[in-house]
Structure formats: C-alpha cells, structure tokens
K.L.:
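Provided herewith is a single structure, encoded as structure tokens, for subsequent inquiry.
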Amino acid sequence: QVQLVESGGGLVQAGGSLRLSCAASGRAFSIHVMGWFRQAPGKEREFVAAITWRSGSTHYSDSVKGRFTISRDGPKNTVYLQMNSLKPEDTAVYYCAARDGYVITIRPPGYDYWGQGTQVTVSS
C-alpha cells in the first residue's frame, strides 16, 4: 500500500501564491506517476497537473498552464505544486494522487492512491 499526505493549503488573496506538498510512504517504489486534482463544491473532481517519477515529464490542465508548476523530489518521495497568480476560481480541495502505471492520465479512476485533500481558498 501507498500512503499520501498533503500539506500547504490555506487562504490567500487573488494574485498570491501557495505551494502544496505531497509525501508518499509505504510502497512508494511502485509509483510511476503522481498528480494533483481538485474539487470545488458541487463540481466533479478535475485534473490539475501530473508528473512522471522517472523522467519528470509533466502535463497540465489548460486552466492552470503557465501559473502552476509541478515538481518532484525523488529522495524525499515528495511531489510539489507551486501555484502562482491564484484566482478565486482556483478555490477547491486539492488532492494528491499516485498511480502504478507509467503513463500520465487525466482521469481520476486511473489513479490507485489518493491523499485526504487540502483546502485552498482564494479570496477576491
């Protein structure tokens, strides 16, 4: 099993920045892709960004491209999401996810492990 623990959420004004962290433990060696999703009240969970563990290849949703950056620290088994130029519409619970497969997918069912989520609130 793999455990994922997120941190770094909070309240920020529009235009501000936050950095989310997600630490993996357990059978972390089985993970090949890690990603971030978000879910706002009344909406479906949506893909934000993902990264392949070995090569560091990344993929972003159009809504965050150019503002958010995903990165990883191999020795720490940690993935980060640097969020800049935040907008009120970025407000959501952000979830870290991991999958054993080698290819990035934007579909939530494609991920095997999930964190508990961390709240991000952007005020206008």
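Computed from heavy atoms alone, side chains included, the values below leave out hydrogens, waters and symmetry copies.
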K.L.:
State whether the side chain of Arg99 and the backbone N or O of Gly110 hold a donor-acceptor pair below 3.5 Å, judged by distance alone.
P.N.:
yes
K.L.:
Hey, does the side chain of Thr78 reach the backbone of Lys76 with a donor-acceptor pair shorter than 3.5 angstrom?
P.N.:
yes
K.L.:
Working to the nearest 0.5 Å, report the span between CD1 of Ile31 and CZ of Arg72.
P.N.:
13.0 Å
K.L.:
Walk me through it: do Leu81 and Phe68 pass the test side chain to side chain contact (heavy atoms under 4.5 Å, CB included)?
P.N.:
CA-CA 7 Å; Leu81 186 68; Phe68 292 10; 4.2 Å; yes
K.L.:
Which residues pass the side chain to side chain donor-acceptor pair (under 3.5 Å) test with Asn84, not counting sequence neighbours?
P.N.:
Ser17, Gln82
K.L.:
Checking Asp112 side chain against Asp100 main chain: does a donor-acceptor pair fall under 3.5 Å?
P.N.:
yes
K.L.:
Of all heavy-atom pairs between Met34 and Ala98, which one has the smallest distance, and what is that distance?
P.N.:
CG-CB, 4.0 Å
K.L.:
Would you say Val79 and Ile70 make side-chain contact, with heavy atoms under 4.5 Å?
P.N.:
yes
K.L.:
Please examine the side chains of Val5 and Gln116, heavy atoms only from C-beta on, and report whether any two atoms are closer than 4.5 Å.
P.N.:
no
K.L.:
How many angstroms lie between atom OG of Ser7 and atom CG of Leu20, to the nearest 0.5 angstrom?
P.N.:
8.0 Å
K.L.:
Quick check: closest heavy atoms across Leu4 and Ala24, and the distance to 0.1 Å?
P.N.:
CD2-CB, 3.7 Å
K.L.:
Using modelled atom types and a 3.5 Å cut-off, is there a donor and acceptor pairing between side-chain atoms of Arg27 and backbone atoms of Val2?
P.N.:
no
K.L.:
Strictly below 4.0 Å, N to O, side chains only: are Lys65 and Asp62 in salt-bridge contact?
P.N.:
yes
K.L.:
Nearest 0.5 Å, please: how far is CE in Met83 from CZ in Arg19?
P.N.:
11.0 Å
K.L.:
For residues 44-61, which residue pairs qualify under salt bridge (Lys or Arg N to Asp or Glu O under 4.0 Å), counting only residues two or more places apart or in two chains?
P.N.:
Arg38-Glu46
K.L.:
Determine whether Val103 and Val33 satisfy the following criterion, side chain to side chain contact (heavy atoms under 4.5 Å, CB included), listing intermediate values before the conclusion.
P.N.:
CA-CA 7 Å; Val103 178; Val33 174; 6.0 Å; no
K.L.:
Is the shortest heavy-atom distance from the side chain of Asp73 to the side chain of Pro75 under 4.5 Å?
P.N.:
yes
K.L.:
Hey, could you give me each pair passing disulfide (SG to SG under 2.5 Å) that has a residue in residues 42-124? Not counting sequence neighbours.
P.N.:
Cys22-Cys96
K.L.:
Tell me yes or no: between the side chains of Thr121 and Gln119, is some donor less than 3.5 Å from an acceptor?
P.N.:
yes
K.L.:
Just to verify, what does Phe37 make a ring pair (Phe, Tyr, Trp, His ring centres under 6.0 Å) with, not counting sequence neighbours?
P.N.:
Phe47, Tyr111, Trp114
K.L.:
Using a 3.5 Å distance criterion without hydrogens, assess whether the side chain of Thr91 forms a donor-acceptor pair with backbone atoms of Val122.
P.N.:
yes
K.L.:
Scan residues 73-97 for pairs that pass ring-ring contact (aromatic ring centres under 6.0 Å, His included), counting only residues two or more places apart or in two chains.
P.N.:
none
K.L.:
Quick check for you: to the nearest 0.5 Å, what is the distance between Ser57 atom OG and Ile51 atom CD1?
P.N.:
8.0 Å
K.L.:
Run the side chain to side chain contact (heavy atoms under 4.5 Å, CB included) test against Ser124 and tell me which residues pass, sequence neighbours left out.
P.N.:
Pro88
K.L.:
Determine whether Val120 and Asp90 make a side-chain contact, defined as any pair of heavy atoms from C-beta on separated by less than 4.5 Å.
P.N.:
no
K.L.:
Under the criterion side chain to side chain contact (heavy atoms under 4.5 Å, CB included), I'd like the reasoning laid out for Arg67 against Tyr60: C-alpha separation, chi angles, the key distance, then a yes or no.
P.N.:
CA-CA 10 Å; Arg67 300 188 298 122; Tyr60 298 91; over 6 Å; no
K.L.:
Is there side-chain contact between Ile104 and Thr52, with heavy atoms separated by less than 4.5 Å?
P.N.:
yes
